[in-house]
Structure formats: C-alpha cells, structure tokens
Colleague: 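Let me begin by handing over the structure; questions about it come next.
We count ligands from 1, going down the list as the structure has it; atoms in each ligand are counted the same way.
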Amino acid sequence: MKSKLFVLNAAAVIGLSSILAAPAAYAESINSLENKKSQIQDQRSGLESKVNTANDKIKQLQDQQDKTRAEMKRIDLAIGETNTKIREKNEQITTTKAEIEKLKAEIVVLKERIAKRNDILKQRALTYQENGGKTNYLEVIFGASSFGDLIDRVSAVSEIMQADEALVNQHEADKKQLEETQQQVENKLASLESMKKDLESMKAKLSTQKVEKDKLMAQLEKEEKDTHTYKMSLEEEDEMLAAQQATISKAIALEKQRQKELEEARKKAAQQAALNNASSGGSGSSSSSNSGGSSSGGNVSNERPAISGGAFTRPAVGTLTSGFGGRWGAFHYGVDIANSADVPILAAADGIVARSYYSSSYGNAVFITHSINGQIYTTVYAHMESRMVSTGATVSKGQQIGIMGNTGESKGQHLHFELHKGSWTPSKSGAINPVGIVPL
Ligand SMILES: [Zn+2]
C-alpha cells in the first residue's frame with residue numbers, strides 16, 4: 001500500500017496527464033512553430049522585394065525631380081530673358097513715342113509756315129487782282145526808264161514769283177518727308193508693340209509652364225515622401241517580423257527542452273515503477289498509476305507555478321474605458337484600461353518578449369509572443385511609463401513588465417492592450433477582441 005502511494009506521488013510530481021499526452025502534442029506544436037517560422041521567412045522575403053521596389057521607385061522619382069528641376073531652371077532663365085527683352089522693348093517704345101511726338105511738333109511748325117506762306121502768296125495774288133493783276137507788273141515793267149532797266153524789272157518780277165513758288169514747294173516737300181518719317185516711326189512703334197505683345201504672351205506661357213512644373217515637383221516630392229514612409233513602414237514591419245522570428249525560434253528551443261525534460265522524467269518514473277514493482281512484487285501498481293492521477297492532483301501546484309484562471313491573466317487593474325472595434329470613425333484594435341497612480345503592468349501569459357522599445361505611436365511598448373496549445377498569440381502593451389523587460393526575455397504569466405503611463409499618442413494614463421492571433425502585423429490583421437479570452 002505504501003509503495004503504491006509513492007508511485008502515485010512520483011507520477012503526480014511530474015504531471016501524469018501531461019506525460020501521457022505529451023510526445024505527440026509537443027511534436028505537433030513544434031511542427032506548427034516551424035511552419036510559423038518559415039511563414040515569417042516568406043513574409044520577410046516578400047518584404048525585402050517590396051523594399052527593393054520602393055527603393056527603385058524612390059530612385060526613379062528622384063531622377064524625375066532632377067529633370068523637373070533642370071526644366072524649372074530653363075524656364076526661370078527663359079522668363080528672365082523674356083523680361084529683359086520686354087524691358088528693352090518698353091525703352092524702345094518710349095524712345096519711338098518721343099520721336100513721333102517730336103516729328104508731329106515739327107510737322108505742326110511746317111504746316112504753320114506753309115499756311116503763312118500761302119497766305120502771303122494769296123495776299124499778293126489778291127493785290128495783283130485788285131490792281132488788275134499783271135497790270136501791276138506791267139506798270140513796273142512799263143515804268144522802266146530804259147531797255148536795260150526794263151530787262152532788270154522783268155527778271156526781278158519773275159524771280160520774285162519763282163522764289164515764292166520754290167519756297168512753297170520746298171515747304172511742301174519737307175512736310176511730305178516729315179509725314180513719311182512719321183509714318184515709318186509709327187510703323188516701327190506698331191511693330192515694337194506687337195513684339196512686346198508676343199514677348200508678354202511668351203512670358204505668360206512660361207509662367208504657366210512654371211506653375212505646372214511647380215505642381216509636378218510638389219507631386220513628385222510628395223510621392224517620394226510617401227514612398228519613404230511606405231518603405232519605413234515595410235522596414236518597421238520587417239524589424240517586427242525579424243523580432244518575432246527570433247522569438248519563435250526561442251519558443252521552439254524552449255518546447256524542445258521541455259519535451260526532453262518530460263521524456264527524462266517519464267523514463268525515471270517508469271524505472272522507479274519497475275523498481276517498486278520488483279521490490280513489492282505487486283503487478284497492479286503500474287495500471288493503478290493511470291487511474292490514480294486524478295486523486296492526487298492537489299500536490300501538483302507545489303512543484304510547478306500555479307496557473308490560475310486559464311492561460312491568460314489580467315494585464316492591469318483599472319477601468320475598461322474603451323473596447324475593441326469602431327471608435328471615432330476609426331478601428332480600435334485593442335482595449336484601453338485606465339487607472340491612476342503607479343499601476344503595474346503584467347504579462348498576460350507565459351511567453352517571450354518579441355520587442356521592447358519606444359514607438360512614436362505606441363510610446364513605451366512591449367510585444368510578447370505566446371505559444372498556447374500550439375497556437376501563437378501576440379500581446380501588445382502600449383503607452384507605458386516604463387518598461388521592465390527587454391527584447392528576447394522569457395516572461396512568465398503575471399510577471400511585471402512595466403508601469404502604466406501616458407507615452408506616445410496617448411491622452412491620459414492608460415494601458416492600450418492588444419491581443420493578436422499569430423504574429424503582430426502593421427495592418428493588425430490578426431487582432432482579436434481580448435474580452436472573453438483575457439480576464440479584463
Ligand atoms: Zn487604445
């Protein structure tokens with residue numbers, strides 16, 4: 001009877017039920033972990049090619065920007081040249097206008113002179129008529145005292161008449177030339193005005209081109225910025241995947257180690273049972289170990305850490321201020337637990353810290369990878385005041401990992417807690433509502 005109890009206790013110590021169920025289940029869970037690991041490797045290769053594509057795109061966008069900048073420089077220079085030409089044309093127009101004014105003034109003077117001369121001639125003609133026209137000249141001529149005097153008088157009269165006519169002709173010719181010059185200068189002005197108009201329309205075209213290039217440049221710059229941001233998010237995703245890959249490798253090693261220890265314990269128990277059988281001669285004890293497991297279950301907690309309330313425990317004490325789901329037009333991928341004073345944050349389950357870092361959005365954040373019944377879960381603890389574990393650390397359920405805070409994109413002290421089935425991804429595609437799974 002005493003030896004039978006001993007066998008039961010030994011079996012209880014190493015966890016009888018787990019030994020019996022263990023080898024197959026662990027092999028299965030290791031398999032699934034290996035699968036998960038190769039899945040992540042595939043994801044990372046995919047990411048690497050996406051990063052390469054993003055780099056190519058950035059290079060292409062930068063080339064386009066260089067070309068656009070060169071075009072903008074060309075346009076700027078052309079605008080400068082056009083402005084210089086317009087300025088020159090303006091000066092020429094001013095000069096030409098002055099020239100026209102001067103010519104107009106000269107024409108006015110000439111016209112006055114011609115009018116005056118015509119008046120004089122008219123007056124003289126009138127005098128001749130009043131005095132019987134040529135009679136007057138005849139008087140002059142017949143008043144000659146001698147033939148020589150007559151000749152002189154005749155030629156004098158003729159000269160006077162010719163001189164008057166020549167003068168008027170000269171004035172008319174001068175006036176005609178001035179008018180022609182004015183016409184030429186006015187033509188020149190018109191051509192200058194038309195050239196200036198062409199230059200101004202060219203300038204307007206160049207300015208439009210400049211505005212278009214400015215727009216294109218802004219668009220290229222924005223695209224480049226977006227691609228950089230996208231690349232950064234890819235790199236962050238890759239960092240996260242790399243961290244989780246390392247975590248899963250560690251989890252596999254842990255599982256293997258545990259399996260080995262369980263196997264050894266099972267062998268020891270079997271040897272002990274055989275030894276006890278041999279010394280007591282009883283043959284029923286080995287079969288009784290199967291049925292005896294449940295009767296001595298109370299002793300298990302002395303050897304292994306007590307697991308109370310299932311696989312998960314409450315990560316922080318506080319009020320659930322925001323649940324999982326749609327919120328303010330966006331999706332809230334976790335739950336918020338708010339509290340004041342120094343509130344410890346606990347690991348929700350056994351696991352390995354995939355990442356412990358400061359994120360601009362999450363603030364002080366810890367990501368823990370859990371392997372629960374062959375299923376990988378990831379828990380996220382964000383906005384903490386401080387972190388007490390580092391990347392790669394093994395944590396046990398209920399172990400303090402930090403203090404509740406208000407870091408990153410947070411308004412008021414609270415814990416933002418996320419539960420993901422599988423690995424965390426930037427799209428948070430694996431996020432599930434922790435309510436009902438994790439006691440909150
Ligand atoms: Zn939140």
Side-chain angles (χ1 to χ4, degrees), residues 229-230 232-237 239-241 243-244 247 309-370 372 375-391 393 395 397-440:
T229 310
Y230 171 65
M232 259 166 63
S233 83
L234 289 174
E235 281 166 354
E236 209 180 312
E237 191 177 346
E239 262 172 53
M240 205 60 223
L241 287 172
Q244 289 181 115
T247 308
F312 289 100
T313 196
R314 195 180 188 184
V317 176
T319 315
L320 198 75
T321 52
S322 188
F324 181 90
R327 177 179 76 164
W328 308 322
F331 200 91
H332 190 222
Y333 288 96
V335 294
D336 292 341
I337 301 161
N339 205 344
S340 51
D342 291 343
V343 183
I345 306 298
L346 314 177
D350 292 340
I352 288 150
V353 177
R355 230 177 157 197
S356 168
Y357 76 125
Y358 180 85
S359 146
S360 56
S361 54
Y362 275 138
N364 275 315
V366 168
F367 290 63
I368 302 177
T369 305
H370 312 278
I372 294 162
Q375 171 65 52
I376 295 284
Y377 287 96
T378 308
T379 49
V380 178
Y381 312 78
H383 311 311
M384 290 191 286
E385 184 190 290
S386 57
R387 291 172 279 120
M388 293 163 77
V389 287
S390 35
T391 303
V395 290
K397 179 185 158 196
Q399 180 182 330
Q400 186 171 357
I401 57 164
I403 297 166
M404 191 184 278
N406 188 24
T407 56
E409 285 169 18
S410 166
K411 280 172 192 148
Q413 178 175 303
H414 77 288
L415 170 72
H416 171 84
F417 176 76
E418 288 176 18
L419 177 66
H420 297 260
K421 206 167 176 180
S423 296
W424 177 92
T425 62
S427 65
K428 301 183 181 179
S429 51
I432 54 172
N433 190 350
V435 173
I437 302 169
V438 179
L440 291 166

Colleague: Check whether more than 12 heavy atoms from other residues, nucleotides or ligands sit under 6.0 Å from atom NZ of Lys428, and answer yes or no.
Modeller: yes

Colleague: Could you check Phe324 against Phe331 for ring-ring contact (aromatic ring centres under 6.0 Å, His included), going step by step and ending with a plain yes or no?
Modeller: CA-CA 8 Å; Phe324 181 90; Phe331 200 91; 5.3 Å; yes

Colleague: Does a donor on one side chain sit under 3.5 Å from an acceptor on the other, for Tyr357 and Glu239?
Modeller: no

Colleague: Angle at the Zn ion (ligand 1), OD1 of Asp336 to NE2 of His332, rounded to 10 degrees, please.
Modeller: 100°

Colleague: Please find out if the Zn ion (ligand 1) and some N, O or S atom of His383 are separated by less than 2.8 Å.
Modeller: no

Colleague: Please confirm if an N, O or S atom belonging to His416, backbone or side chain, lies less than 2.8 Å from the Zn ion (ligand 1).
Modeller: yes

Colleague: Output yes when a side-chain donor or acceptor of His414 lies under 3.5 Å from a complementary backbone atom of Gly412, and no otherwise.
Modeller: yes

